[in-house]
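Okay, so here's the structure we're looking at.
Note that the structure is a prediction, hence the values are computed from the model and not measured.
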Amino acid sequence: MKKKILVTGGTGYIGSHTTVELIEEGFEPIIIDNLYNSEAVVVDRIQKITGVKPHLEIFDLCDQEKLDRFIQKNNDISAVIHFAAYKAVGESVNKPLEYYRNNLLSLIYLLDIMKHHGIPSLVFSSSCTVYGQPEKLPVTENAPLQPATSPYGNTKQIGESIIRDTTVSDKNIKAISLRYFNPIGAHPSALIGELPRGIPENLVPFLTQTGYGIREELKVFGNDYNTPDGSCIRDYLHVVDLAKAHVIAIKRLIEGKSKTNYEVFNLGTGKGVSVLEAIKSFERVSGIKLKYKIVGRRAGDIEKIWANPSYANKELGWKTLSSLDEAMKTAWDWEKMFRNNKL
């Protein structure tokens with residue numbers, strides 16, 4: 001009997017890649033998504049990759065009654081992976097109330113339902129933004145959490161606190177927060193990838209859209225940071241590597257191998273890459289010279305951050321396998337496949 005895993009936000013960028021990995025590992029994912037930043041057709045593309053079409057329920061997690069009815073009907077769920085959240089740093093600065101309402105209410109309702117219906121395991125999609133601008137690099141899981149530089153980052157800090165407090169009060173619930181650094185790339189099939197609505201908030205979709213001619217030019221937000229080339233530094237990891245970590249975390253919880261009721265892991269490559277270096281990587285794999293211009297710093301951005309992933313490497317037996325160029329190539333393949341209407 002396959003174990004059922006509820007994947008909230010499962011048609012989104014990271015959610016869809018994780019759903020593929022869950023199917024490949026013999027689980028039965030069930031998706032809840034309100035399609036705020038994704039398309040229902042993603043489940044058909046997942047079927048093309050895996051041969052299995054996951055079940056999709058379209059509604060908002062902030063609708064507590066619908067969520068309760070759904071869990072009552074699907075009362076054999078073994079664990080939850082929670083991706084459903086708004087995720088753009090810049091947008092959160094402009095729309096803080098929307099971010100607090102959506103990201104925190106949905107989590108509270110989900111945990112409440114898990115307690116009520118006896119679902120014992122949660123993997124939470126967290127973020128390196130919880131570290132703010134860290135005092136020491138690379139960042140370990142023990143680094144002090146700095147004041148968040150954006151409402152988005154703050155929702156992840158508060159979300160982690162809510163989960164931790166819940167696992168303290170209810171020993172029947174165990175959770176793992178995965179603090180992602182910067183996921184990029186797409187599935188090697190080029191059937192699923194990152195497809196933001198409107199103007200991309202993340203760097204790589206803006207790179208690929210500019211390369212394809214959808215955007216006239218790329219904006220680089222600041223070249224006066226205290227970094228070797230003046231642009232911000234991030235830790236870019238391939239989304240498929242990231243997706244595999246969720247399956248490992250789910251197995252750890254289901255098999256009772258977690259050391260405490262609440263665990264935290266950094267997911268990154270351990271290598272910092274500047275925005276200008278990322279542009280060069282795209283130019284290498286695409287053969288296209290990108291048009292870009294330097295503009296002022298963006299509100300909410302931090303200067304530099306990259307992971308120390310050694311705890312996840314050792315404890316989970318997980319590590320990133322793809323290089324920056326390999327990840328960038330899959331992002332470009334996805335962009336071309338999508339724009340050429342070959343899906």
Side-chain angles (χ1 to χ4, degrees), residues 1-10 14-15 17-31 50 54 71 74-83 107 110-111 113-128 130 138-143 156 159-181 183 237-270 307-321:
M1 185 78 174
K2 290 184 177 180
K3 290 194 181 296
K4 284 187 183 175
I5 310 296
L6 173 60
V7 185
T8 70
I14 304 169
H17 286 82
T18 301
T19 298
V20 166
E21 296 303 319
L22 285 167
I23 293 169
E24 303 281 17
E25 288 292 316
F27 291 98
E28 182 185 343
I30 303 172
I31 297 170
T50 64
I71 298 297
N74 297 274
N75 59 6
D76 54 350
I77 289 169
S78 296
V80 179
I81 306 179
H82 182 44
F83 293 108
L107 175 62
L110 186 62
L111 285 165
I113 293 288
M114 286 176 64
K115 280 170 65 75
H116 186 68
H117 292 280
I119 301 172
S121 302
L122 173 71
V123 173
F124 179 58
S125 167
S126 193
S127 166
C128 67
V130 300
V139 185
T140 71
E141 289 81 357
N142 296 321
K156 291 302 181 185
E160 284 197 17
S161 296
I162 291 168
I163 295 167
R164 184 173 50 250
D165 290 347
T166 302
T167 63
V168 168
S169 71
D170 188 339
K171 299 301 182 191
N172 294 316
I173 291 183
K174 288 185 167 61
I176 293 175
S177 283
L178 298 177
R179 292 174 177 168
Y180 316 157
F181 281 66
L237 72 157
H238 196 300
V239 67
V240 174
D241 288 338
L242 178 62
K244 290 178 188 295
H246 292 78
V247 181
I248 294 169
I250 280 291
K251 286 180 178 177
R252 183 178 177 86
L253 290 168
I254 288 174
E255 293 168 7
K257 291 181 178 175
S258 50
K259 289 186 171 175
T260 59
N261 272 28
Y262 180 67
E263 295 182 305
V264 170
F265 296 96
N266 285 343
L267 300 181
T269 66
N308 180 340
S310 58
Y311 185 59
N313 298 162
K314 176 172 168 267
E315 195 63 35
L316 298 179
W318 169 90
K319 64 177 181 179
T320 57
L321 299 175

Show me the donor-acceptor pairs within less than 3.5 Å that the side chains of residues 22-30 make with the rest of the protein, sequence neighbours left out.
residue	atom	partner	partner atom	Å
E25	OE1	K251	NZ	2.7

query: What distance separates T269 OG1 from K319 NZ, expressed to the nearest 0.5 Å?
result: 12.5 Å
- prompt: Within the distance-only criterion (no hydrogens, no angle test), does the side chain of K156 pair as donor or acceptor with the backbone N or O of S125 below 3.5 angstrom?
  reply: yes
query: Would you find a donor on one side and an acceptor on the other, under 3.5 Å apart, between the side chain of H117 and the backbone of I119?
result: no
Where P120 and S78 come nearest, the two heavy atoms and their spacing: CD-O, 3.6 Å
- request: To the nearest 0.5 Å, tell me how far I176 CD1 sits from L316 CG.
  value: 6.5 Å
- request: Any chance you could measure H82, atom NE2, to S177, atom OG, to the nearest 0.5 Å?
  value: 10.5 Å
task: With rounding to the nearest 0.5 Å, note down the distance linking CG in L111 to CG in L122.
output: 6.0 Å
message: For S121 versus M114, what's the shortest heavy-atom pair and its separation?
response: O-CE, 3.5 Å
task: Kindly say whether L321 contributes a backbone atom to a donor-acceptor pair with the side chain of D241 at under 3.5 angstrom?
output: yes
- request: Test L6 against every option in I71, N74, I31 by the side-chain contact (heavy atoms from CB on, under 4.5 Å) rule and name the one that passes.
  value: I71
field: Shortest non-hydrogen contact between L267 and A245, atoms and distance
entry: CD1-CB, 3.6 Å
message: Please check this pair: side chain of S127 against backbone of R179, looking for a donor-acceptor N/O pair closer than 3.5 Å.
response: no
task: Would you kindly say whether Y262 and T166 are connected by a side-chain donor-acceptor distance under 3.5 Å?
output: no
- request: First locate atom CD of E255, then atom CD1 of I250, and finally report the distance between them rounded to the nearest 0.5 Å.
  value: 11.0 Å
query: Hey, is NZ on K4 packed in by over 12 heavy atoms from elsewhere, all under 6.0 Å?
result: yes
task: Could you tell me which non-hydrogen atom of F265 sits nearest to which non-hydrogen atom of A312, and how far apart they are?
output: CD2-CA, 4.0 Å
field: Flag for T167-R164: side-chain donor and acceptor within less than 3.5 Å
entry: no
field: N142 versus T140, side-chain donor and acceptor atoms under 3.5 Å
entry: no
- request: List the atom of V80, the atom of L110, and the distance in Å for their closest heavy-atom pair.
  value: CG1-CD2, 3.8 Å
query: So, the side chain of N308 versus the backbone of V139: is there a donor-acceptor pair under 3.5 Å, distance only?
result: no
message: Just to verify, what does H246 make a side-chain hydrogen bond (donor to acceptor under 3.5 Å, both in side chains) with, not counting sequence neighbours?
response: Y180
